[in-house]
Amino acid sequence: MISFHTRPDGQRYFTNADLARMVEAGLIDPEDRWELIEGAWYDMGSEGFEHWDLRSALLQEMVLQLGRGSAYRASTEGSIYLSNDTELRPDLIICSANVQSNAMTAEDIFLVAEIMKTSHQRDRELKMPVYAAAGVSELWLIDMDTRKTVCLTDPDTVNRVYQTRRVIDFDKPLVPGALSQVSVTLAAL
């Protein structure tokens, strides 16, 4: 039996465990594209060709630059669990190579990138505060329309904001704060 949980204000919500039970019961296809953001279910639209091309090229470049045997792992697949009611599926994550995905915490995450083509509002208004609240140290919001990346660092976990914001054009190099050995120019991808 799967039911909603209720917050003190009466708002209903799901937990990660609820969704796992729904998948096990066959109510949700594990291949469906969705995210759970603070208890609310959000369908993710299908990924367009431009989005897929940039995501896969960014992953390939990160893997090449990090190298074999690195202390870091880059991935574009899977979910990250930032609280008991939040399961996000970022476009790119760089995390510690020695942590299992189901045991990962914000301290294990060095970079999250969200590629925005049709998801601007969700990424900025819903996901960005969640990443900041969890303490994810660096978030890139890659805007395919403006061809600019907003690099956010120094999360304020209480106010759910990033204190440092830089805007980088696609033709300029992006260097993750924790990974100075990596430099990516999106226009070159």
Side-chain angles (χ1 to χ4, degrees), residues 16 32-63 65-66 72-83 85-95 101 104-157 159-170 172-179 182-187 189:
N16 297 327
D32 283 350
R33 293 178 44 84
W34 52 268
E35 292 179 303
L36 185 65
I37 303 174
E38 297 181 323
W41 168 292
Y42 292 90
D43 284 319
M44 297 171 63
S46 62
E47 185 176 42
F49 294 115
E50 289 178 288
H51 186 280
W52 187 90
D53 288 343
L54 181 57
R55 183 173 60 88
S56 61
L58 181 59
L59 173 65
Q60 183 177 21
E61 187 62 27
M62 289 293 190
V63 168
Q65 289 194 33
L66 290 171
Y72 307 100
R73 179 175 55 212
S75 178
T76 60
E77 298 298 324
S79 300
I80 56 175
Y81 304 93
L82 297 178
S83 68
D85 65 357
T86 299
E87 179 179 344
L88 300 178
R89 297 179 182 193
D91 289 307
L92 175 81
I93 182 171
I94 297 181
C95 61
S101 59
M104 189 182 312
T105 66
E107 292 80 36
D108 301 309
I109 300 170
F110 300 97
L111 173 67
V112 167
E114 293 286 358
I115 299 170
M116 303 182 305
K117 183 70 177 160
T118 60
S119 61
H120 295 79
Q121 183 177 7
R122 182 182 305 169
D123 290 338
R124 286 189 183 118
E125 295 176 15
L126 296 175
K127 294 172 78 172
M128 182 178 60
V130 169
Y131 286 127
V136 172
S137 61
E138 186 163 355
L139 172 63
W140 290 356
L141 297 176
I142 301 169
D143 191 328
M144 295 183 70
D145 295 324
T146 64
R147 299 187 54 78
K148 295 181 185 300
T149 300
V150 177
C151 300
L152 301 159
T153 56
D154 304 317
D156 176 341
T157 59
N159 294 308
R160 301 168 50 99
V161 298
Y162 283 93
Q163 299 175 81
T164 303
R165 179 183 192 269
R166 295 177 301 124
V167 179
I168 310 291
D169 290 326
F170 271 26
K172 304 288 187 217
L174 290 166
V175 179
L179 305 165
V182 172
S183 178
V184 177
T185 303
L186 296 177
L189 301 180

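Computed from heavy atoms alone, side chains included, the values below leave out hydrogens, waters and symmetry copies.
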Give the minimum heavy-atom separation between [X] and [Y], together with the two atoms involved.
{"X": "P176", "Y": "L111", "answer": "CG-CD2, 4.1 Å"}
{"X": "P155", "Y": "A132", "answer": "CB-O, 3.6 Å"}
{"X": "I93", "Y": "I80", "answer": "CD1-CG2, 3.4 Å"}

Report task. Could you give me the CA-CA distance, side-chain angles and deciding distance for I142 and L58, then say whether side chain to side chain contact (heavy atoms under 4.5 Å, CB included) is met? Result -> CA-CA 11 Å; I142 301 169; L58 181 59; 3.9 Å; yes
**Report entry** Worked check of side chain to side chain contact (heavy atoms under 4.5 Å, CB included) between T86 and Y131
**Finding:** CA-CA 10 Å; T86 299; Y131 286 127; over 6 Å; no
Report task. Show your working on side chain to side chain contact (heavy atoms under 4.5 Å, CB included) between E138 and Y162 and close with a plain yes or no. Result -> CA-CA 9 Å; E138 186 163 355; Y162 283 93; over 6 Å; no
Report the distance from atom [atom1] of [X] to atom [atom2] of [Y], rounding to the nearest 0.5 Å.
{"X": "K148", "Y": "D143", "atom1": "NZ", "atom2": "CG", "answer": "9.5 Å"}
{"X": "W52", "Y": "I115", "atom1": "CH2", "atom2": "CD1", "answer": "11.5 Å"}
{"X": "L82", "Y": "I109", "atom1": "CG", "atom2": "CD1", "answer": "5.5 Å"}
{"X": "L59", "Y": "I94", "atom1": "CG", "atom2": "CD1", "answer": "9.0 Å"}
{"X": "C151", "Y": "L139", "atom1": "SG", "atom2": "CG", "answer": "9.0 Å"}
{"X": "W140", "Y": "T149", "atom1": "CH2", "atom2": "OG1", "answer": "7.5 Å"}

Requested in this report: Would you indicate whether R33, at its atom CZ, is surrounded by more than 12 heavy atoms from other residues, nucleotides or ligands within a distance under 6.0 Å?
Outcome: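 Yes, enclosed.
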Counterpart residues, side-chain hydrogen bond (donor to acceptor under 3.5 Å, both in side chains), relative to [X] (two or more places apart):
{"X": "T105", "result": "E107, D108"}
{"X": "T153", "result": "none"}
{"X": "D91", "result": "H51"}
{"X": "R166", "result": "none"}

Do the side chain of [X] and the main chain of [Y] share a donor and acceptor less than 3.5 angstrom apart?
{"X": "Q163", "Y": "D154", "answer": "yes"}
{"X": "E61", "Y": "L189", "answer": "no"}
{"X": "D123", "Y": "M128", "answer": "no"}
{"X": "S75", "Y": "E77", "answer": "yes"}

Report task. Starting from the C-alpha separation in whole Å, work towards a yes-or-no answer on side chain to side chain contact (heavy atoms under 4.5 Å, CB included) for Q65 and L179. Result -> CA-CA 10 Å; Q65 289 194 33; L179 305 165; over 6 Å; no
Query - Residue list, salt bridge (charged side-chain N to carboxylate O under 4.0 Å, His left out) with K117, at least two apart or on another chain - result: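 Residues passing salt bridge (charged side-chain N to carboxylate O under 4.0 Å, His left out) with K117: E50, D145.
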Query raised in the report: Could R124 and E114 be called an ion pair, given the rule that one side-chain N must be under 4.0 Å from one carboxylate O?
Result: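 Looking at E114 together with R124, the answer is no, because their closest N to O distance does not fall below 4.0 Å.
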Under 3.5 Å, side-chain donor or acceptor atoms of residues 35-44 against the rest of the protein: list the pairs with distances, not counting sequence neighbours.
residue	atom	partner	partner atom	Å
E35	OE1	K127	NZ	3.1
E35	OE2	R89	N	2.8
E35	OE2	K127	NZ	2.7
E38	OE1	R160	NH2	3.3
E38	OE2	R160	NH1	2.8
E38	OE2	R160	NH2	2.9
W41	NE1	D43	OD1	3.0

